[in-house]
Amino acid sequence: MKRRTFIQNSAILGAGMLAHNFSFGGPSQVFPVVRVSEKDRHFKSPVIEKLIKEFQTNVADKELGWLFNNCLPNTLDTTIYDESTSQQKLTYVITGDIDAMWLRDSSAQVWPYLPFMRRDEHLQNLILGLINKQSKCINIDPYANAFYNDPNKKGEWFSDHTDMKPGIHERKWEIDSLCYPIRLAYAYWKETKDTSPFDNEWVRAQENIYKTFVEQQRKENLGPYKFERTTSRGTDTLQVDGYGYPVNPVGLICSSFRPSDDCSIFLFLIPANLFAVVSLRQSAEILRKVKNNTELAAKMDALANEVEDAVNKYGIIDHPVHGRVYAYEVDGFGSYLMMDDANVPSLLSLPYLGAVDVNDEVYQRTRRFVLSENNPFYFKGKVAAGIGGPHIGRDMIWPMALIIQALTSTSDAEIRQCIQTLKNTHGDTGFMHESFHKDDPKKFTRHWFAWTNTLFGELLWKVYQEKPELLR
């Protein structure tokens, strides 16, 4: 079926909901209304709606305009829950089709809205409320990656063999779970100059972050965290007594799981460690300038320097084809894993996270590696080429990786190609997905994955602002 005629014969699932109210305003209208109806939207932002109208008015490609309208506001439309009290702004943000809040996903989902907060007080309060909510979550358990809004709920993973508590959805230790809330709070502060989120709860969260990072350097012992799950899926549990494979304590931080929620093989996950370096320095700056907490700030800075030095010493290897590049994972003993995963932080995403300069020679060599068939999770098919990962399996490309490829590219041709590929592979739904098959975009996972939807909106707006000719 042709991409532009599918709408006449199919019911579309978008954002986890059946599309309805097909709109054919005139003979040229070819795209159905798949965005959730206005009366059912969780949050409405006039400034975001104005952006959408501007984009659709000035970008001639009507399909891109349709996708922008569906994707950019998807987080606001479908995943926001205002839990504010008379004393404090609080926001709970689910990931989409899973009723739980990941520290990583929730931060990334609202990230594209940060530049527009000063034009929308309610949008600013939404993000302020999320920062406050994340601090509370970190202080419940800094090793957990996802939380419920109900502090008494016991979910599907409560039987995991780890120190589970009510209110925790999942307790997979991932470095980036503690980095993303710092990234969000720091950017919020820089954008608004508002220091209200940096209360005692936030400082306690920073203390817990520092403590957890140091524990997971495993210099003295294995630390308090272990995890096992009764499962047939090997990537969902940790080997060797629930601690993962041994590491040499060289100053790097262990990440038991990757941002995909798959277990690490060698626990020193290099992109996550580089993300930690950035986040520790951002936390230190807030602690020093806003809280005058020079003692904790100094500890954060010292740890950042130690991890950065260790990455440079142990995290860069000699690849037989690409030369000096970042490894994906290392163990400090000399073993390393050469691959990249679609989920962020990834090696590809390092400039996007501010962890390396996009023109850095090691990064550029690494980029060539991860976007080649020397990366075991780079897939080429009939409709697309891009990065996937073990989480979904062979031949499944992640739109998130294609978006990050464009966001970190210095090539107009590459950016244009990535956007074209994303436009051609939404599987006739009008939304981005977790992954799609390299030969068939209608074979995809997760109808409703708000992070990737909103990230695609971020890419389109950035290109529209900086290089609008690439959208023609």
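One-based numbering along the sequence shown.
- Geometric assessment of Arg367 against the ring of Tyr352 yields a negative cation-pi assignment under the 6.0 Å and 45° thresholds.
- Listed here is the closest heavy atom pair of Ala355 and Leu274: CB-O, 3.9 Å.
- To the nearest 0.5 Å, atom CD1 of residue Ile392 and atom CZ of residue Phe444 are 12.5 Å apart.
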* Asked: Checking side-chain hydrogen bond (donor to acceptor under 3.5 Å, both in side chains) for the pair Glu201/Asn132: CA distance, chi angles, key distance, verdict?
  -> CA-CA 8 Å; Glu201 182 108 55; Asn132 291 335; over 6 Å; no
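- Between His437 and Val383, the closest side-chain pair of non-hydrogen atoms is not below 4.5 Å.
- Distance alone, capped at 3.5 Å, places no donor-acceptor pair between the Asp341 side chain and the Gly389 backbone.
- Of the possible donor and acceptor atoms, one in the side chain of Thr366 sits under 3.5 Å from a partner among the backbone N and O of Val362.
- In this structure, Tyr328 has its ring center at least 6.0 angstrom away from the ring center of Phe266.
- Salt-bridge formation is detected for the pair Glu170/Lys172: a Lys NZ or Arg NE/NH1/NH2 atom is positioned less than 4.0 Å from an Asp or Glu carboxylate oxygen.
- Side-chain contact between Asn70 and Asn453: absent, with no pair of heavy atoms (C-beta onward) separated by less than 4.5 Å.
- Counting only distance, with no hydrogens or angles, the side chain of Ser346 and the backbone of Asp340 share no donor-acceptor pair below 3.5 Å.
- Atom CZ of Arg394 has 12 or fewer neighbouring heavy atoms from other residues, nucleotides or ligands inside a 6.0 Å radius.
- For Lys313, the NZ atom counts as loosely surrounded, since its 6.0 Å shell holds 12 or fewer non-hydrogen atoms of other residues, nucleotides or ligands.
- Without hydrogens or angle criteria, Asn248 side chain to Val250 main chain gives no donor-acceptor distance under 3.5 Å.
- Side-chain contact between Ile404 and Leu407 is present, with at least one heavy-atom pair separated by less than 4.5 Å.
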* To do: Given ring pair (Phe, Tyr, Trp, His ring centres under 6.0 Å), test Tyr336 with Tyr314 step by step and report yes or no.
  => CA-CA 9 Å; Tyr336 55 84; Tyr314 295 95; over 10 Å; no
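- The main-chain N or O of Thr162 is never found under 3.5 Å from a side-chain atom of Asp160 such that the two would form a donor-acceptor pair.
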* **Derivation of the ring pair (Phe, Tyr, Trp, His ring centres under 6.0 Å) call for Tyr81 and His42** => CA-CA 7 Å; Tyr81 294 85; His42 289 214; 4.9 Å; yes
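- With salt bridges taken as basic N to acidic carboxylate O contacts below 4.0 Å, one links Glu285 and Lys190.
- The CD1 atom of Ile270 lies 9.0 Å from the OH atom of Tyr326; values are rounded to the nearest 0.5 Å.
- Annotation: the span from Ile286 atom CD1 to Thr195 atom OG1 amounts to 10.5 Å, rounded to 0.5 Å.
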* **Residues Phe227, Tyr143; criterion ring pair (Phe, Tyr, Trp, His ring centres under 6.0 Å); working and verdict** => CA-CA 10 Å; Phe227 181 98; Tyr143 281 103; over 10 Å; no
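- For Glu83 (side chain) and Gly129 (main-chain N/O), no donor-acceptor pair under 3.5 Å exists by modelled atom type.
- By the 6.0 Å contact criterion, NZ on Lys89 is open, its count of non-hydrogen atoms from other residues, nucleotides or ligands being 12 or less.
- Atom-to-atom distance recorded for Leu238:CG and Lys226:NZ is 10.0 Å, nearest 0.5 angstrom.
- Atom CG of Leu123 sits about 6.0 Å away from atom CD1 of Ile48, to the nearest 0.5 Å.
- In this structure, Gln465 places its CD atom where more than 12 heavy-atom neighbours from other residues, nucleotides or ligands lie under 6.0 Å away.
- Looking at Asp176, its side chain never comes within 3.5 Å of a backbone N or O of Cys179 through a donor-acceptor pair.
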* Test side-chain hydrogen bond (donor to acceptor under 3.5 Å, both in side chains) on Asn374 and His322 and set out the steps. => CA-CA 9 Å; Asn374 290 314; His322 297 277; 2.9 Å; yes
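- Nearest heavy-atom pair, Thr79 versus Ala450, reported as atom, atom and distance to 0.1 Å: CG2-CB, 3.7 Å.
- No more than 12 heavy atoms of other residues, nucleotides or ligands lie within 6.0 Å of CD in Glu220, so this atom counts as exposed by the packing criterion.
- Between Leu72 and Trp461, the closest side-chain pair of non-hydrogen atoms is not below 4.5 Å.
- Annotation: side chain of Met117 is in contact with side chain of Tyr188 (closest heavy-atom distance under 4.5 Å).
- Here the side chain of Ser177 pairs no donor or acceptor atom with the backbone of Leu103 at under 3.5 angstrom.
- Counting heavy atoms from C-beta on, the side chains of Asp301 and Arg288 come closer than 4.5 Å.
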* Asked: Given Arg104 and Asp261, is the salt bridge (Lys or Arg N to Asp or Glu O under 4.0 Å) satisfied, shown in steps?
  -> CA-CA 11 Å; Arg104 168 186 56 253; Asp261 299 335; 3.1 Å; yes
* Would you please test His161 and Thr230 for side chain to side chain contact (heavy atoms under 4.5 Å, CB included) and show each step? => CA-CA 8 Å; His161 311 302; Thr230 302; 3.0 Å; yes
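- With respect to the salt-bridge test (charged N to carboxylate O, under 4.0 angstrom), the residues Arg204 and Glu207 do not qualify.
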* Output, in order, the C-alpha distance, side-chain angles, deciding distance and verdict of side chain to side chain contact (heavy atoms under 4.5 Å, CB included) for Asn145 and Trp102. => CA-CA 6 Å; Asn145 56 324; Trp102 269 255; 3.3 Å; yes
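- Side-chain polar atoms of Asn375 and Arg368 form no donor-acceptor pair below 3.5 angstrom.
- Ionic pairing of Arg324 and Glu361 is not present here: no N-O contact between side-chain nitrogen and carboxylate oxygen is shorter than 4.0 angstrom.
- Looking at Lys153, Lys154, His169 one by one, the single match for side-chain hydrogen bond (donor to acceptor under 3.5 Å, both in side chains) with Tyr148 turns out to be His169.
- No donor-acceptor pair closer than 3.5 Å links the side chain of Thr95 to the backbone N or O of Met101.
- A heavy-atom distance below 4.5 Å is found between the side chains of Tyr363 and Pro351.
- Between the CG atom in Leu296 and the CD atom in Gln206 there is a gap of 7.5 Å [rounded to 0.5 Å].
- Of the possible polar contacts, one joining the Thr85 side chain to the Gln88 backbone as a donor-acceptor pair under 3.5 Å is found.
- In this structure, Asp331 and Tyr245 have side chains that are not in contact, with every pair of non-hydrogen atoms separated by 4.5 Å or more.
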* To do: Check the pair Arg365, Val325 against side chain to side chain contact (heavy atoms under 4.5 Å, CB included), reporting the backbone distance first and the verdict last.
  => CA-CA 6 Å; Arg365 288 192 292 268; Val325 299; 3.7 Å; yes
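- Around the CG atom of Asp318, the shell of radius 6.0 Å holds more than 12 heavy atoms that belong to other residues, nucleotides or ligands.
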* Could you please spell out the steps behind the salt bridge (Lys or Arg N to Asp or Glu O under 4.0 Å) verdict for Glu458 and Lys462? => CA-CA 6 Å; Glu458 178 183 352; Lys462 178 180 173 63; over 6 Å; no
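- Under 4.0 Å is where a charged nitrogen must lie from a carboxylate oxygen, and between Arg171 and Asp141 at least one such pair does.
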* Evaluate the criterion side chain to side chain contact (heavy atoms under 4.5 Å, CB included) for residue pair Arg258 and Ile265; output intermediate values, then yes/no. => CA-CA 9 Å; Arg258 301 166 180 169; Ile265 295 176; 3.8 Å; yes
